Amino acid sequence: MKNSSDMTTSRPRLTVIGTGYLGATHAAAMAELGFEVMGVDVDPDKIDRLSQGILPFHEPELPELLTKHLSTGRLRFTTSIEEAGAFGDIHFIAVGTPQKDGEGAADLSYVDAAVEAIANAATHNCVIVGKSTVPVGTARRLQALVEKVKKTNVEISFAWNPEFLREGFAVQDTLAPDRLVVGTNSDLAITALRFVYQDALSRGTPFIATDFETSELVKVAANAFLATKISFINAFSEVTEKVGGDIRTLADAIGHDARIGRRFLNAGVGFGGGCLPKDIRALQARVGELGLDHTMAFLHEVDSINLRRRERVIDVAHSLLNGVNEKKIAILGTTFKPNSDDVRDSPALDIAARLYGQGADVRVFDPKGMENSAKRFPRLTYSRSLVDAVEGADLVLLLTEWEEFRKMDPNHIGGLVGSKVIVDGRNVLDVVEWESADWQYHALGRKSIHANPSILAT
Ligand code: UDX
């Protein structure tokens with residue numbers, strides 16, 4: 001039987017239930033910290049691949065970490081929850097909480113099932129730690145569920161420890177988080193988690209121990225704030241597009257105010273991915289259930305501003321080409337952000353699919369997102385390379401700011417396209433450089449978009 005001192009004198013063994021983005025990263029990172037870790041998933045194919053060191057998604061540094069700890073023997077994978085229940089002293093829950101079909105609310109069926117299964121399978125005293133993003137009130141409800149389903153001779157402490165990792169920086173963010181938040185009513189859970197995260201704590205990482213509700217809200221509040229910041233600058237870009245001005249300079253200028261800060265003020269086609277859009281919708285749904293709809297009503301506007309950016313790119317394409325039907329449009333980028341192969345709620349892929357639906361001859365290229373994009377929209381034309389995509393294009397749309405696109409040579413690309421017209425949907429290219437190479441350069445929220453007066457009318 002483990003108690004608080006056992007947890008810190010003998011190294012606790014960890015399980016991570018759910019081996020998607022969050023879980024696979026957490027499992028490999030915990031092995032890197034020296035723990036014996038078992039990753040658990042209901043998908044045998046995923047477990048098979050992970051056991052062979054094959055990662056089912058793109059994430060820098062993670063393949064190396066996975067291979068390293070399959071070799072050290074500190075990391076293994078299984079589909080058996082019974083094996084996990086017998087093995088682990090601390091069980092991390094890292095399953096998905098996707099948006100429910102046709103609703104804003106989060107689907108909690110996976111998190112409920114995972115907690116119930118591991119609580120039931122635990123053969124000795126342990127801690128269950130939720131990491132998934134959940135609506136406020138979930139942890140308290142799940143703690144009651146754990147008490148109901150666990151074996152009578154087993155004691156289980158329960159905690160919520162939200163994860164703030166960013167795709168593309170997942171390993172770094174897990175090994176060196178900027179804060180650790182733990183919601184619990186158990187001292188044992190606090191002791192256990194302080195032990196697990198001792199490496200970061202020794203470097204001064206803040207450790208915030210709080211109640212369940214605060215810990216759940218910290219996560220959604222952080223994401224709602226980031227989404228609001230992006231939509232804030234994008235709302236101003238609607239103004240600069242109308243009256244003239246340069247959104248990038250505006251962001252730089254307000255960003256110098258330390259109270260505001262420059263990060264997450266990059267205007268463009270807006271936010272996407274598996275977190276920000278879903279989390280602001282789930283938060284609105286949850287406060288609605290609590291009878292507090294008006295409290296988060298502004299998030300509805302944040303969402304609308306974000307989606308309007310996609311419309312704007314489509315309108316600009318129509319204006320520049322006098323209608324898109326049968327026009328060759330090269331789309332650079334399909335992932336929701338660079339250094340990821342994730343196309344969930346990606347503005348870029350959404351724009352590509354809509355232009356295709358409107359009759360454009362769309363050719364897309366993304367350094368890592370082709371496979372996932374083709375699964376989602378098989379009928380788009382997927383080019384083999386950047387050069388292939390822009391060949392003969394009437395219009396180039398840069399929608400995800402991959403390094404390969406940021407450093408494109410306008411002279412070289414200019415020799416390949418049919419018309420030298422580009423829309424920089426991420427505000428990352430050098431206007432002077434592109435205009436000097438005789439390109440008609442447009443960017444969302446920047447003055448040069450008015451070079452073509454017909455766009456003003458849209
Ligand atoms: C986000 C949070 O940052 C992270 O803390 C949380 O754990 C999960 O959700 P992630 O989805 O990986 O992480 O991406 P993030 O880097 O936040 O970017 C989200 C979206 O916002 C991307 O589509 C990105 O292109 C867009 N974005 C970001 C902007 O449009 N402008 C900006 O200034 C910043």
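Just follow the structure's listing: the first ligand is 1, and inside any ligand the first atom is 1. These numbers were taken from a predicted model, which means no experiment stands behind them.
- Below 30°, between 30° and 60°, or above 60°: for His26 and Tyr197 the angle between ring planes is above 60°, a perpendicular geometry.
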Can you give the donor-acceptor pairs under 3.5 Å from side chains of residues 268-275 to other protein atoms, not counting sequence neighbours?
none

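- Around ligand 1, the residues contributing at least one heavy atom under 4.0 Å from the ligand are Glu163, Phe164, Leu165, Arg166, Glu167, Lys219, Asn223, Leu226, Ile230, Phe264, Leu265, Asn266, Gly270, Phe271, Gly272, Cys275, Leu276, Phe336, Lys337, Arg426.
- Annotation: side chain to side chain contact (heavy atoms under 4.5 Å, CB included) contacts of Arg203 (sequence neighbours excluded): Ala176, Asp199, Ala200.
- Pairs passing the ring pair (Phe, Tyr, Trp, His ring centres under 6.0 Å) check and including a residue from residues 226-250, sequence neighbours excluded, read Phe232-Phe236.
- The CG atom of Leu50 lies 4.5 Å from the CZ atom of Phe77; values are rounded to the nearest 0.5 Å.
- With a 4.5 Å cut-off on side-chain heavy atoms, Val136 and Leu290 count as touching.
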